Amino acid sequence: MSQLVLGIGASHSTLMNTHWAEVDHLPAAHRFRDGLAEARDALAAARPDAVVVIGSNHFRGMFLDLMPAFTVGVGEVHGAGEAGTPGGPLPVDTDLARSLVDGLVTDGFDPAFSLRLTVDHGITHSLQHLVPALDVPVVPVVINMFAPPLPSLRRCHALGAALRDAVHGDGQDKRIAVIASGGLSHRLPWPKWFAALSDDDRFLVEAWLNGRHDWNEYEVRRRQIIRAAAPDINEAFDQWFLRLLETGDLSEVLDRTDEQIEQEAGNGAQELRAWIAMAAALASPAGPATGRTLAYGAVPDWLTGMGVSLLTPSPKETSA
């Protein structure tokens, strides 16, 4: 029986790669970067045999021509390579990936799977900074967080519990870490695909529908639209959510609707689904995983409340 040894939640922003000089004077940016470094060291010390990365898709690997709620990469996985993030083939633990898909189906989920999956910075930014050598095989689990209807927060919590059960039932003896990538509060200038009102809205929806084979053709204007957006960060919400992770009790957030999350913390906060699934995976019937916030800071230049959290498995999980 494999065991889960560590969980990490980390915000992402490709602007960290491409525009660091603009934030080098900000203590919050340095706190976040230092938090990533501490999490990286903790991950290395945990000696995982594989890392499950739960993250989002920003319409560079998946598009509106087909948008599953949950997708597991089980074969070839390629990084899109946008904005200085890892591009090209990524190492994949195919046996673990297949076990996860089988386990999810057994637990009543209907995950999509891909033998040739392209992932963007929703997966690769965390790998870049937490597994920089890319020397540990991964299993990407991509959740639809931007193309409504979205899976509910409670459904994502159940997904994490099902991932835990699948790891326990894989018939192996591996040490598995889980990374959640995305969030915290931020608002992207992205429309709902069915409510494209402005020229920029219509351009983005066109890119999301037709970009499968040439997403790079849309990239310049996409970046311009994002860079022109005004920051909308709710530090109080972020601190509240990080405290929930520290206690392990996420019950206060699980029944919030998409509309409530977006109103409080922006559409980018829908990426909390990854953190919720990760926390559920690290829990056990004996109790929740407990967390420690390594860093938090609002970075307006990145449009986002940037946090890093380290989760320790529940005692039963650790001794499994």
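In this chain, residues are counted from 1 in sequence order. Predicted model, so just to flag it, every value in this text is computed and none were measured.
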Is any side-chain heavy atom of [X] less than 4.5 Å from a side-chain heavy atom of [Y]?
X: K192; Y: N267; answer: no
X: P48; Y: I176; answer: no
X: S126; Y: V53; answer: yes
X: L311; Y: L6; answer: no
X: L303; Y: I233; answer: no

Non-neighbouring partners of [X] that pass ring-ring contact (aromatic ring centres under 6.0 Å, His included), sequence neighbours left out:
X: H125; answer: H129
X: F146; answer: H58, W190
X: Y296; answer: none

Under a 3.5 Å distance rule, please check whether [X] uses its side chain to pair with a backbone N or O of [Y] as donor and acceptor.
X: T118; Y: G61; result: no
X: Q128; Y: G84; result: yes
X: S185; Y: A265; result: no
X: R164; Y: A283; result: yes
X: Q260; Y: T257; result: yes
X: S309; Y: G9; result: no
X: D93; Y: P137; result: no
X: T304; Y: M306; result: no

So, using salt bridge (Lys or Arg N to Asp or Glu O under 4.0 Å) as the criterion, who are the partners of [X] when residues are at least two apart?
X: E235; value: none
X: R175; value: none
X: D170; value: none
X: D199; value: R202

By side-chain hydrogen bond (donor to acceptor under 3.5 Å, both in side chains), which residues pair with [X], not counting sequence neighbours?
X: D65; value: R212
X: N144; value: none
X: H157; value: none
X: D301; value: none

How would you list all residue pairs meeting side chain to side chain donor-acceptor pair (under 3.5 Å) that involve residues 102-113, not counting sequence neighbours?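 Not a single pair qualifies under side chain to side chain donor-acceptor pair (under 3.5 Å).
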
Could you go through W240 and N234, starting from their C-alpha distance and side-chain angles, then the distance that decides it, and tell me whether this counts as side chain to side chain contact (heavy atoms under 4.5 Å, CB included)? CA-CA 10 Å; W240 169 76; N234 185 338; over 6 Å; no

Distance-only side-chain donor-acceptor flag, [X] / [Y], under 3.5 Å:
X: H12; Y: S181; value: yes
X: S56; Y: E271; value: yes
X: D49; Y: Q172; value: no
X: T293; Y: E246; value: yes
X: D249; Y: T247; value: no

Check this for me: [X], atom [atom1], are more than 12 non-hydrogen atoms of other residues, nucleotides or ligands nearer than 6.0 Å?
X: F237; atom1: CZ; answer: yes
X: R47; atom1: CZ; answer: no
X: R223; atom1: CZ; answer: yes
X: E76; atom1: CD; answer: yes

Could you report the tightest heavy-atom contact between S152 and R155, atom names first, then the distance?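 Reported closest heavy-atom pair: OG-N, 3.0 Å.
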
Can you see which heavy atom on A10 is nearest to which on W275, and at what distance?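 In this case the closest contact between A10 and W275 is N-CZ2, 3.4 Å.
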
Shared hydrophobic cluster for [X] and [Y] (ILVMFWY, side-chain gaps under 4.5 Å):
X: F109; Y: F113; answer: yes
X: I123; Y: L134; answer: yes
X: L64; Y: V119; answer: yes
X: W193; Y: I226; answer: yes

Quick check: W215 with Y218 (ring centres under 6.0 Å apart)?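 Y218 vs W215: aromatic centres not under 6.0 Å.
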
How about H30 and W20: are their ring centres within less than 6.0 Å of each other?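 Between H30 and W20, the centre distance is under 6.0 Å.
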
Determine, step by step, whether R60 and E217 satisfy the salt bridge (Lys or Arg N to Asp or Glu O under 4.0 Å) criterion, reporting the C-alpha distance in whole Å, the side-chain angles of both residues, the deciding distance to 0.1 Å, and the verdict. CA-CA 11 Å; R60 293 185 180 91; E217 296 296 318; over 6 Å; no

List the steps and the verdict of side chain to side chain contact (heavy atoms under 4.5 Å, CB included) for R187 and E262. CA-CA 8 Å; R187 190 176 302 277; E262 182 168 348; 3.7 Å; yes

Go through the steps to decide whether E38 and R292 satisfy the test salt bridge (Lys or Arg N to Asp or Glu O under 4.0 Å), and finish with yes or no. CA-CA 12 Å; E38 186 175 352; R292 181 163 62 95; 3.3 Å; yes

Is the shortest side-chain N to carboxylate O distance from E82 to R222 below 4.0 Å?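 A salt bridge is absent here (no side-chain N lies under 4.0 Å from a carboxylate O).
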
Could you walk me through whether L184 and L242 pass the side chain to side chain contact (heavy atoms under 4.5 Å, CB included) check? CA-CA 9 Å; L184 299 164; L242 290 170; 4.1 Å; yes

Carefully, step by step, assess M62 and L117 under the rule side chain to side chain contact (heavy atoms under 4.5 Å, CB included). CA-CA 9 Å; M62 296 179 182; L117 179 65; 3.6 Å; yes

Would R273 count as a cation-pi partner of F70, with NZ or CZ less than 6.0 Å from the six-membered ring centre and within 45° of the ring normal?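 That pair does not qualify as a cation-pi contact.
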
